[in-house]
Amino acid sequence: MIPNGLQEVKAEKCSPKRSSSSSPLMKLSSYLLAIRPWSLSASLIPTVLGSALAYKLTELSELCLIIFILTLLTVACVHGAGNVVNTYFDYIKGVDSRKSDDRILVDHLLSQNELVTLGTWLYAAGCLGFVLLAMLSPAKMEHLALIYFGGLSSSFLYTGGIGLKYIALGDVLILVIFGPISVLFAFMAQTGYIKWNIMYYAIPLALNTEAILHSNNTRDLESDKRAGIVTLAILIGYTASHVLYAFLLFTPYVTLVVLSFRYSKWFLLPLVTLPQAFTIEKRFRNPTTIQDVPKRTASLNLYLGILYIIACLQTDRLPYLQSV
C-alpha cells in the first residue's frame, strides 16, 4: 500500500505538468533567440552614428525622431532576417552540429518552416519600414532604395543563394555592410544627400564588427572545414587568425588615439573599454575560452560604439568634414 504523499508525487511525475502558457512563452523565446538580439548592435550602432553625424554636420536644429526610429527598425529587421537566413542555411549545409553555438534548428527549438516564416516576416517588416521611411525622408526614393536593397540583398546572400560566407567572401561583405553602408543609409535618410567623407567614421566600427565574425569563424574553424565550406580563418590558419583578430580588435583604439592628439581629447573616451578588449583577446588565444568570444566581442562593440558616438557629438569640429 502506497502512502498518500507518495501517490501524489508519483501522479505529478506521470502526468504532464506544463502549463498552457509555458509553451507560447518558450516559442516566443525561441523566435527571439533566432534573431540573435545580442548581435544587432553591429548594425544599429553604425545607424545611430550616421544619424548623429547628420545632426552634427547640418543645420538641422534636431533630428527627425520618426525618421530615426524608422531607420533603426528597418535596419534591425533586415539584420535579424539575415541572422535567420544564416541559421537556416548553416543547418541545411551541415555547418551547424551538436557542438555549434547556434542551437535553434539543431535542438529543434523551431522547425525549418517556422524559421522560414520568421525570416519572411522580418524582411516584410523591413520593407514596410523602408516604404514609410522613403515617404518621410527628404532623400530621393531611388537613392535610398539603392542602399537599402543593396543591404537587404547582402543580408540574404551572406549564406543564401551563392553563399558568400562559404567561399571566404563573408568578411568583405561584413566590412562593407556593417559600417559604411549603415552609416550612409542613416545619414541620407536624415539629410537627403550623401557626404562620402562620413565613411571614414565607419572604419573603427567596421573593423570591430569584423572582429565578431572572425572570432566566430576561428572558433568554428574545424567544424566548418569538415562541412566543406571555406572561410578566411580556414585559409590563413589559427596563427594568422590570432594576428588578424588582434589587428581588428586594437586598430580602432590606435585610430582613436591619433584622432585625440590631432583633433579632440573626446576621442579618448572609448578607450575606457580597452581593458575589456585585452581580456577578450586573451580568451581568444585560449582554445578552452574562445567559445564565448564572439558574444563578448559583440558586447565590446556596443560599448565602444556608444562612447564613440558621444565623442563625435562632443567634438566641436569633426576632422575631414565641414558643416553644410
Side-chain angles (χ1 to χ4, degrees), residues 35-54 70-90 119 122-123 125-127 129-130 133 139 143-190 194-217 231-233 244 248 251-252 294 297-298 300-302 304-305 308-309:
I35 298 173
R36 303 181 206 170
W38 59 268
S39 72
L40 297 183
S41 64
S43 60
L44 294 182
I45 290 297
T47 303
V48 176
L49 175 61
S51 300
L53 291 175
L70 279 174
T71 306
L72 288 177
L73 290 176
T74 300
V75 170
C77 286
V78 173
H79 186 177
N83 287 342
V84 170
V85 171
N86 177 244
T87 296
Y88 178 81
F89 281 101
D90 273 359
L122 286 171
Y123 275 129
C127 290
F130 168 74
L133 184 64
H143 294 168
L144 208 59
L146 181 64
I147 299 178
Y148 170 73
F149 285 106
L152 185 148
S153 301
S154 298
S155 74
F156 179 81
L157 292 175
Y158 177 66
T159 48
I162 59 177
L164 296 173
K165 170 187 174 180
Y166 307 130
I167 54 176
L169 292 177
D171 299 82
V172 177
L173 190 66
I174 294 300
L175 278 171
V176 174
I177 297 300
F178 296 116
I181 296 299
S182 296
V183 172
L184 285 174
F185 182 69
F187 184 87
M188 176 183 281
Q190 288 287 344
I194 288 180
K195 197 170 184 66
W196 294 107
N197 283 355
I198 67 170
M199 294 178 66
Y200 290 126
Y201 289 87
I203 293 175
L205 295 180
L207 292 175
N208 196 259
T209 302
E210 167 59 16
I212 303 173
L213 173 67
H214 185 65
S215 64
N216 183 83
N217 289 344
T231 63
L232 180 61
L244 178 58
L248 295 170
T251 298
T297 309
L300 174 68
N301 178 267
L302 173 62
L304 174 69
Y308 179 50
I309 291 169

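One is the number of the first residue; the rest follow in order along the sequence.
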Pairs flagged by side-chain hydrogen bond (donor to acceptor under 3.5 Å, both in side chains) wherever residues 148-163 is involved - sequence neighbours left out
Y123-S155
Work out which heavy atom in Y308 is nearest to a heavy atom in P204; give both atom names and the distance.
OH-CG, 3.9 Å
For the atom pair CG (L248) and CG (D171), what is the distance rounded to the nearest 0.5 Å?
8.5 Å
Closest approach of I35 to G80 (non-hydrogen atoms, all atoms of both residues)
CG2-CA, 3.7 Å
Verdict with supporting geometry, I167 and T231, side-chain contact (heavy atoms from CB on, under 4.5 Å):
CA-CA 6 Å; I167 54 176; T231 63; over 6 Å; no
What residue pairs, at least two apart or across chains, pass side-chain hydrogen bond (donor to acceptor under 3.5 Å, both in side chains) with a residue in residues 40-50?
S43-H79
Any chance you could measure L49, atom CG, to L44, atom CG, to the nearest 0.5 Å?
12.5 Å
Out of curiosity, N301 CG to S39 OG, how far, rounded to the nearest 0.5 Å?
10.0 Å
Quick check for you: to the nearest 0.5 Å, what is the distance between N83 atom CG and L40 atom CG?
6.5 Å
Flag side-chain contact, heavy atom, 4.5 Å: L232 against L244
yes
Nearest atoms (heavy-atom pairs only) where G126 meets T74:
O-CG2, 3.4 Å
Check the pair Y166, D90 against side-chain contact (heavy atoms from CB on, under 4.5 Å), reporting the backbone distance first and the verdict last.
CA-CA 9 Å; Y166 307 130; D90 273 359; 2.7 Å; yes
Looking at side-chain heavy atoms only, is the closest gap between I194 and I147 below 4.5 Å?
yes
Residue pair P294 / S215: nearest heavy atoms and the distance that separates them
CA-OG, 3.4 Å
K165/L213 under side-chain contact (heavy atoms from CB on, under 4.5 Å): CA gap, chis, key distance, verdict:
CA-CA 10 Å; K165 170 187 174 180; L213 173 67; 5.8 Å; no
Out of curiosity, L53 CG to K195 NZ, how far, rounded to the nearest 0.5 Å?
11.0 Å
Please report the closest heavy-atom contact between A202 and P180, naming both atoms and the distance.
CB-N, 3.5 Å
Any idea which heavy atoms bring A189 and T71 closest together, and the distance?
CB-OG1, 3.9 Å
CG/L144 to CZ/F149 distance, rounded to the nearest 0.5 angstrom?
10.0 Å
Residue that, paired with L304, satisfies side chain to side chain contact (heavy atoms under 4.5 Å, CB included) out of T297, I309, N208
N208
Step by step, would you call V183 with M199 a side-chain contact (heavy atoms from CB on, under 4.5 Å)?
CA-CA 7 Å; V183 172; M199 294 178 66; over 6 Å; no
Could you check if a side-chain atom of T209 sits within less than 4.5 angstrom of a side-chain atom of I174, using non-hydrogen atoms only?
yes
